[in-house]
Protein chains: 2
Amino acid sequence: MNYITLLKDNNLKATPQRLSIVEELYLHGHMNVDQLYKSLLIKFPSISLATIYKNINAMLDICFLAEVKLPNAKSVYELTKEEHSHVLCSKCGDVIDITLDLSKLCEQAKEKSNYILKDSAIVFNGICPKCNNS
Amino acid sequence: MNYITLLKDNNLKATPQRLSIVEELYLHGHMNVDQLYKSLLIKFPSISLATIYKNINAMLDICFLAEVKLPNAKSVYELTKEEHSHVLCSKCGDVIDITLDLSKLCEQAKEKSNYILKDSAIVFNGICPKCNNS
DNA sequence: CTGACTGCAAACGTTTTGCACGGTA
DNA sequence: TACCGTGCAAAACGTTTGCAGTCAG
């Protein structure tokens, strides 16, 4: 796995617990603290919540992970990738990534705000196809 | 003030403390819990944080207020108004409203996600003109 | 072998709750 | 007058910290 080198370059050791967090996020895309904790408990019955928090924070610090703040829901974490937006299902809580063309939007925002814009956080709220069919 | 009727219609009494919260938000636009607490302490030296929380939650419940979750900052609250987006200054923490044309963006999001979209939360991050000049 | 990581327990900051009193309608 | 709201104190909750033992490099 390439991730190991990336971690080591940032003085983070590739412990089984840490790698499992990365793996879970790789498999599930977005997870909150509790979901991560419960998943890791299966492999590591004596893992502590503190370990989860320390690892998340360490990997946030080196921008290996990113936090996604959601309306009416706990923050979820994801592996850092190219810039993208999120869509949250307000029924089942599922979160997906979408890539949007933001050029026009940023232009508008720059004009109307007079701020020097760095980045944006965009979350859409709705109902996913699964929930809509049941 | 028109707000009083709006509150009463939702079985919320127009107490001085509650009205002060509304007034502060009206004047300042966006405030977090601590800022509200410190502001109200001037008028009500014995006000409790619990009162602030209870009032915010009561007014959130009736959608009289809205919460804005910000990256790397505490949530702020605002009086509910037409849909709009936010721009946060990562230096001074100031938050402003901007109205954007989201039609194109929503179309894209609908296509790419297959979700039934309800609304969106958009926060830009940058440096405000004031901070940029100093 | 050394420094970083884990897991536990305690500490911490934030938010919520229960209750008696006071104020709005 | 009836009920909602306030303020206080305590409780609950999520997150962080300190420490001793353990493990990765």
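Everything numeric in this text was worked out from a predicted model, so none of it was measured. Residue numbering restarts at 1 for every chain, and letters A, B, ... go by the order of the sequence lines. Only heavy atoms go into these numbers, but all of them, side chains included; no hydrogens, no water, no symmetry mates.
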| message | Students often get this wrong, so: under 4.0 angstrom with heavy atoms, is T15(B) touching a base, only sugar-phosphate, or nothing? | response | sugar-phosphate
| request: Kindly work out whether a path of hydrophobic side-chain contacts (I/L/V/M/F/W/Y, heavy atoms less than 4.5 Å apart) joins F44(A) to L25(A). | output: yes
| E78(B) and H86(B) side chains, donor-acceptor separation under 3.5 Å | yes
| message | Using a 4.0 Å heavy-atom cut-off, does A58(B) contact any base of the nucleic acid, only the sugar-phosphate backbone, or nothing at all? | response | nothing
| In residues 61-68 of chain A, what residues come within less than 4.0 Å of DNA chain D, judged by heavy atoms? | none
| Heavy-atom pair of closest approach, residues L40(B) and Q17(B) | CD1-O, 3.6 Å
| request: Between dG7(D), dT6(D), dT14(C), spot the one nearest the side chain of K74(B), thanks. | output: dT14(C)
| task | Return the minimal non-hydrogen interatomic distance between K8(B) and A14(B), and the atom names on each side. | result | CE-CB, 4.4 Å
| Taking a hydrophobic cluster as the set of Ile, Leu, Val, Met, Phe, Trp and Tyr residues connected by side-chain heavy atoms closer than 4.5 Å, whether directly or through intermediates, do I116(A) and L100(B) fall within one such cluster? | no
| Minimum heavy-atom separation for L88(B) to P71(B), with atom names? | CD2-O, 3.7 Å
| field | Result of checking N32(B), L70(B), V87(B), V123(B) against V95(B) for side chain to side chain contact (heavy atoms under 4.5 Å, CB included) | value | L70(B)
| Does the side chain of T51(A) get closer than 4.0 angstrom to OP1 or OP2 of dG7(C) through an N or O atom? | yes
| request: Could you identify which residues of residues 32-47 of chain B place a heavy atom less than 4.0 Å from some atom of DNA chain D, listed by residue number, or say none? | output: S46(B), I47(B)
| remark: When every non-hydrogen atom of I47(A) is compared with those of Y37(A), the smallest separation belongs to O-CE1, 3.6 Å
| said: In this structure, how many angstroms lie between the P atom of dA24(D) and the NZ atom of K8(A), rounded? | reply: 11 Å
| message | Any salt bridge linking K81(A) with D97(A)? Criterion: basic side-chain nitrogen under 4.0 Å from a carboxylate oxygen. | response | yes
| So which heavy atom on L12(A) is nearest to which on M59(A), and how close? | CD1-CG, 4.1 Å
| message | Is there a side-chain contact between N57(B) and the phosphate of dT16(C), meaning an N or O under 4.0 Å from OP1 or OP2? | response | yes
| query | Any salt bridge between K43(B) and E24(B), counting N to O under 4.0 Å? | reply | no
| request: Write down the distance between CG (D9(B)) and C1' (dT24(C)), rounded to a whole number of angstrom. | output: 16 Å
| said: Is the phosphate of dG23(C) approached by Q17(B) (side-chain N or O, under 4.0 Å from OP1 or OP2)? | reply: no
Could you list all N or O pairs between the protein and nucleotides 1-4 of chain D that sit under 3.5 Å apart?
{"residue": "dC3(D)", "atom": "O2", "partner": "K13(B)", "partner atom": "NZ", "Å": "3.2"}
{"residue": "dC4(D)", "atom": "O4'", "partner": "K13(B)", "partner atom": "NZ", "Å": "3.4"}

| query | How close do A109(A) and L117(A) get, heavy atom to heavy atom, and via which atoms? | reply | CB-CD1, 3.6 Å
| request: Could you state the atom-to-atom distance from CG of L49(B) to P of dA9(D) in whole Å? | output: 13 Å
| Which part of the nucleic acid does K54(A) contact within heavy-atom distance under 4.0 Å: base, sugar-phosphate only, or nothing? | base
| remark: I56(B) CD1 to dG5(D) P, in whole Å, measures 15 Å
| remark: Between OH of Y77(A) and P of dG14(D) the distance, given in whole Å, is 13 Å
| request: Report the distance from atom CD1 of I21(B) to atom C1' of dG7(D), rounded to the nearest whole Å. | output: 14 Å
